[in-house]
Q: 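Structure in structure tokens, see below.
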Amino acid sequence: MKVFVLAFSVCCYFGWTESAVLRNGQELPTYGEICYRNSPDFNDCIKNTLQSLIPKFKDGLKELNLTGLDPVYVPELLLNYENGDIQGKMIIKESNTHGLSGIKVLDVRSKLNHPERFDMEVDYYLPKVRTTGHYKMEGLIGQFPIQGKGSYQVNMTDVSGTWKIKGQRVLDEKKESYMKITDFGMRPNVGHMDINMSNLVNGNQELSAIALTFINQFWKVVYDAVLPFAEQNFEKVAKPVLNKVFLSVPYNQLFPLLPGTTETA
Ligand SMILES: *[C@@H]1O[C@H](CO)[C@@H](O)[C@H](O)[C@H]1NC(C)=O
Ligand SMILES: *[C@@H]1O[C@H](CO)[C@@H](O)[C@H](O)[C@H]1NC(C)=O
Ligand SMILES: *[C@@H]1O[C@H](CO)[C@@H](O)[C@H](O)[C@H]1NC(C)=O
């Protein structure tokens, strides 16, 4: 689900037409339409930019050290879960998430009229998402310890939701403004999920198969329970990625004002 993060980076990074100069002096070429942050068409502009550029930038962007968009690779993700009788810890390693290039950007809403704040919501739909990788899990269900370690594959269909992104202006040593991303929220709805995990109950194939059947039968319950905890981790993954863009490209280059206008006009 880290898929959604990089998509947004691409949108914002490619939103200007003149080449931008990064903090480290590197110059970046121009892609797509320019989106003026005080234009009445800004939201539509972002929507179109996202929609056209995400599928094009599958391989990432080396100038901003962004890795590929389809698949999105995350080396490690930590999930802690604790609620009543169930507690657990899962480490997900080398996950690859495929499907972002099939994105449909449904709607964009933003409040950018405050010079110090950034506030944007993006509604999206993904017909198919597949994620694979390795996991290690340990926990307790009541007094019963569970422990597993293996590989996993999860197929999802009809994934939809909203990225909620907030930022706060920061100034660099030259008094240039950047919009630092401070919050990233998302709670994807999933239409259907098929889960395959090997060795769910360490060393016991029979119990592993039973556990897997159980998880697939009750995937919705499991997903709903874990989602709030997962969301905190998505934010930890998402913010640094978004900030690779937002703290590299000055705000006035990322989303300029309409020519001849000022912030307080
Ligand atoms: C990307 O990484 C390289 C090497 O690690 C570094 O020199 C460069 O400044 C980074 N670029 C950005 C935009 O972070
Ligand atoms: C699940 O994974 C195992 C081994 O990784 C494989 O043998 C099996 O065919 C997979 N099942 C499905 C439904 O993908
Ligand atoms: C996920 O989809 C792939 C490709 O369609 C398929 O090979 C695989 O068996 C599916 N895995 C699960 C867990 O359903």
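The residues of the chain are indexed from 1 along the displayed sequence. Both ligands and their constituent atoms are indexed starting at 1 by order of listing.
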Q: Suppose I only count heavy atoms of D194 and a 4.0 Å limit; which atoms of ligand 3 are within that range?
A: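 Reading through ligand 3 atom by atom, the close ones are 13 (C), 14 (O).
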Q: Out of N155, L212, N216, I195, whose heavy atom is nearest to atom 6 (C) of ligand 3?
A: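 Of the listed residues, N155 has the closest heavy atom.
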Q: Under the side chain to side chain contact (heavy atoms under 4.5 Å, CB included) rule, collect the residues that match up with N48, sequence neighbours excluded.
A: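 In terms of side chain to side chain contact (heavy atoms under 4.5 Å, CB included), with neighbours along the sequence ignored, N48 is linked to no residue.
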Q: Against L126, only a single residue in D158, I103, T157, V190 fulfils side chain to side chain contact (heavy atoms under 4.5 Å, CB included); can you say which?
A: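 The passing option is I103.
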Q: Side chain or backbone of N196 under 4.0 Å from ligand 3, or both, or neither, by non-hydrogen atoms?
A: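 Contact part for N196 vs ligand 3: both backbone and side chain.
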Q: Establish, yes or no, whether a centroid distance under 6.0 Å links the rings of F229 and Y81.
A: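 They qualify: ring centres under 6.0 Å apart.
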Q: Give yes or no for whether the N/O distance cutoff of 3.5 Å, strictly under, is met between R130 and ligand 3.
A: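 No, since none of the N or O atoms of R130 sits under 3.5 Å from an N or O of ligand 3.
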Q: So, using ring pair (Phe, Tyr, Trp, His ring centres under 6.0 Å) as the criterion, who are the partners of Y125 when residues are at least two apart?
A: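 Result, ring pair (Phe, Tyr, Trp, His ring centres under 6.0 Å) vs Y125: none returned.
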